[in-house]
Amino acid sequence: MFFLSKVAISLACSAGIVVAAPANIPRQNTCSSGVSRAPEMYNLYPEQPDRTSSAVTEWHLETFSDKSQLEQAAVFKNIPAGATQCTLMWEQASMTERTFLVDGKDALVRIQTLSGFPSGKAVSYSAVKAFDTLGDQGHAGVELTGWDTLDKALHIGGGIPCAEEIHLLLYLQHPNGDTKFVLDQDDKNGLFIKYSC
């Protein structure tokens with residue numbers, strides 16, 4: 001009888017008939033640890049809340065006249081769904097491999113996780129602020145003051161909630177600092193998210 005069932009299965013396979021058998025094969029986790037670089041950056045103008053911006057590459061923040069004048073939104077994409085620990089980081093290459101300027105006395109940056117991001121419409125301060133709903137949950141900070149005068153370094157901004165797309169609002173924390181900060185971002189400079197699975 002056993003021989004006949006083997007022959008029947010063999011004939012079924014040769015005839016193109018698919019025979020399904022239950023299998024308890026565990027699924028492999030497709031998530032592996034890594035980094036997400038080159039975020040889409042959008043300039044935001046608090047004093048002109050409906051002014052729109054296309055994506056830019058540089059990280060650029062400004063305060064003057066005792067007000068935050070230029071803030072930014074950052075969008076990190078392609079983070080695996082299985083990522084469980086996300087850390088915001090930034091780095092600077094050696095002085096000859098970067099454009100990095102801090103002009104002013106206070107370049108402490110607050111970074112706030114957003115609950116979403118405007119889709120299908122232009123990006124503006126007022127459109128992004130509608131997603132600034134998490135309060136102190138999911139915020140980080142980085143101190144940039146003086147780092148433009150130093151050589152290559154890697155910095156930790158702090159842990160943030162993981163998602164397949166992470167949206168951040170970045171601004172200089174003290175509006176009376178009269179500070180301008182610019183860092184061109186590439187594969188050696190700027191913001192990135194390190195994730196673990």
Examine distances only and state if a side-chain atom of D106 and a backbone atom of Q173 form a donor-acceptor pair shorter than 3.5 Å. no
Say whether I160 and L144 are linked into one hydrophobic cluster, either directly or through other cluster members, by side-chain heavy-atom distances under 4.5 angstrom. yes
Please list all pairs meeting disulfide bond (SG atoms under 2.5 Å apart) that have one or both residues in residues 83-112, counting only residues at least two apart or in different chains. C86-C162
Under a 3.5 Å distance rule, please check whether D103 uses its side chain to pair with a backbone N or O of K180 as donor and acceptor. no
Any chance the side chains of D50 and S126 put a donor and an acceptor closer than 3.5 Å? yes
Counting only N and O atoms by type, is there a donor-acceptor contact under 3.5 Å from the side chain of Q69 to the main-chain atoms of F64? yes
Can a donor-acceptor pair be found, under 3.5 Å and without considering hydrogens, that links the side chain of Q185 to the backbone of A38? no
Quick one: do L191 and L170 satisfy side chain to side chain contact (heavy atoms under 4.5 Å, CB included)? Show the steps, please. CA-CA 11 Å; L191 292 165; L170 304 96; 3.7 Å; yes
Closest approach of T57 and M41, non-hydrogen atoms and distance? O-CG, 4.2 Å
Quick one: does D148's side chain have a donor or acceptor within less than 3.5 Å of a partner on V102's backbone? yes
Under a plain distance cut-off of 3.5 Å, with no hydrogens placed, do E143 and H155 share a side-chain donor-acceptor pair? no
Would you say the side-chain atoms of T63 pair up with the backbone N or O of D178, donor to acceptor, closer than 3.5 Å? yes
Non-hydrogen atoms of Y195 and A83 that approach each other most closely: CB-CB, 4.1 Å
To the nearest 0.5 Å, what is the distance between NZ on K194 and OG on S33? 8.5 Å
Is there side-chain contact between D66 and P175, with at least one heavy-atom pair below 4.5 Å? no
Above 12 or not: heavy atoms from other molecules or residues under 6.0 Å from CD of E97? yes
Residue pairs meeting ring-ring contact (aromatic ring centres under 6.0 Å, His included), one or both in residues 67-88, sequence neighbours left out, come to none
Would you say V35 and M89 are hydrophobically clustered, going by side-chain heavy atoms of ILVMFWY under 4.5 Å? yes
If I compare all heavy atoms of Q92 with all of L150, which pair ends up nearest, and what's the gap? NE2-O, 3.2 Å
Flag for Q72-N43: side-chain donor and acceptor within less than 3.5 Å: yes
Interatomic spacing from OG in S36 to CD in E164 - rounded to 0.5 Å: 12.0 Å
In plain terms, say whether E40 and K77 are close enough for a salt bridge, that is, a side-chain N and a carboxylate O under 4.0 Å apart. yes
For S32 and P80, which heavy atoms make the closest approach, and how far apart are they? O-CG, 4.4 Å
Apply side chain to side chain contact (heavy atoms under 4.5 Å, CB included) to L168 and T113, showing your working. CA-CA 5 Å; L168 303 173; T113 303; 3.8 Å; yes
So, E91 and R37, do they make that salt bridge, N to O below 4.0 Å? yes
Indicate if Y45 and V128 have the same hydrophobic cluster label, given that clusters are the connected sets of ILVMFWY residues with side-chain heavy-atom separations under 4.5 angstrom. no
Side-chain heavy atoms nearer than 4.5 Å, only ILVMFWY residues, links allowed to pass through others: does that put W147 and I156 together? no
Parallel, tilted or perpendicular: which fits the ring planes of F117 and H167, with parallel below 30° and perpendicular above 60°? parallel
Output for pair (E71 CD, L61 CG), nearest 0.5 Å, gives 8.0 Å
Distance in Å, N78 CG paired with E165 CD, rounded so as to fall on 0.5 Å steps: 8.0 Å
Taken to the nearest 0.5 Å, the spacing of T145 OG1 from F181 CZ works out to 10.0 Å
Is it true that Y42 and F192 fall in one hydrophobic cluster, defined by side-chain heavy atoms closer than 4.5 Å? no
Note: S124 and R51 closest approach over all heavy atoms is CB-O, 3.3 Å
For the CG atom of L183 and the CD atom of E58, what is their distance to the nearest 0.5 Å? 10.0 Å
Before you tell me yes or no, could you show the steps for L169 and L44 under side chain to side chain contact (heavy atoms under 4.5 Å, CB included), namely the whole-Å CA-CA distance, both residues' side-chain angles and the distance that decides it to 0.1 Å? CA-CA 9 Å; L169 174 64; L44 307 174; 3.6 Å; yes
Tightest non-hydrogen contact, residues A127 and A122, listed as CB-O, 4.2 Å
In sequence, state the C-alpha distance, the side-chain angles, and the governing distance for D132 and L114, and then conclude on side chain to side chain contact (heavy atoms under 4.5 Å, CB included). CA-CA 5 Å; D132 186 10; L114 298 169; 4.0 Å; yes
